[in-house]
Engineer: 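Supplied in structure tokens, the structure appears directly below.
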Amino acid sequence: MTGNFVTVACPDCENEQVVFEKAATAVACEVCGHALARPTGGKADIEGEVTETVQAR
Ligand SMILES: [Zn+2]
């Protein structure tokens with residue numbers, strides 16, 4: 001099973017971070033700790049603005 005990576009802009013500090021679209025664990029902003037992705041069992045629930053999608057190869 002493959003998935004894309006997305007670049008998410010943190011709503012709190014504008015840090016941009018690459019997050020796996022189907023993250024199995026919660027992903028927090030590396031700068032301020034804001035939750036950026038929550039696992040749902042499939043595609044993660046992304047919080048914040050997705051600024052770029054990086055296709056998996
Ligand atoms: Zn942040």
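Throughout, residue positions are numbered sequentially from 1 according to the sequence presented.
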Engineer: Could you check Val8, Val50, Asn4 and say which one makes a side-chain contact (heavy atoms from CB on, under 4.5 Å) with Val19?
Structural biologist: Val8
Engineer: Are Leu36 and Glu47 close enough that some pair of their side-chain heavy atoms sits under 4.5 Å apart?
Structural biologist: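 A side-chain contact under 4.5 Å is absent here.
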Engineer: Going from OG1 on Thr40 to NZ on Lys22, what distance comes out if it is rounded to the nearest 0.5 angstrom?
Structural biologist: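 Here the rounded value is 10.0 Å.
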Engineer: Look at the side-chain heavy atoms of Ile, Leu, Val, Met, Phe, Trp and Tyr, link any pair under 4.5 Å apart, and say whether Val54 and Ile46 land in one connected group.
Structural biologist: no
Engineer: Measuring only between side-chain heavy atoms, which start at C-beta, is Gln17 closer than 4.5 Å to Thr7?
Structural biologist: no
Engineer: Can you name the nearest heavy-atom pair linking Ala24 to Pro39, along with the distance?
Structural biologist: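 Reported closest heavy-atom pair: O-CB, 3.4 Å.
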Engineer: What pair of heavy atoms forms the shortest contact from Ala44 to Ala23, and how long is it?
Structural biologist: CB-N, 3.9 Å
Engineer: Restricting to non-hydrogen atoms, name the atom on Ala28 and the atom on Gly33 that form the minimum distance, rounded to 0.1 Å.
Structural biologist: CB-O, 3.7 Å
Engineer: Contact between Pro11 and His34 at the side-chain level, heavy atoms closer than 4.5 Å - yes or no?
Structural biologist: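 Side chain of Pro11 against side chain of His34, heavy atoms only: contact under 4.5 Å found.
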Engineer: Rounded to the nearest 0.5 Å, how far does CD of Glu30 lie from CD of Glu16?
Structural biologist: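 Between atom CD of Glu16 and atom CD of Glu30 there are 12.5 Å.
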Engineer: Quick check: is Val6 connected to Val18 through a chain of hydrophobic side chains (ILVMFWY, heavy atoms under 4.5 Å apart)?
Structural biologist: no
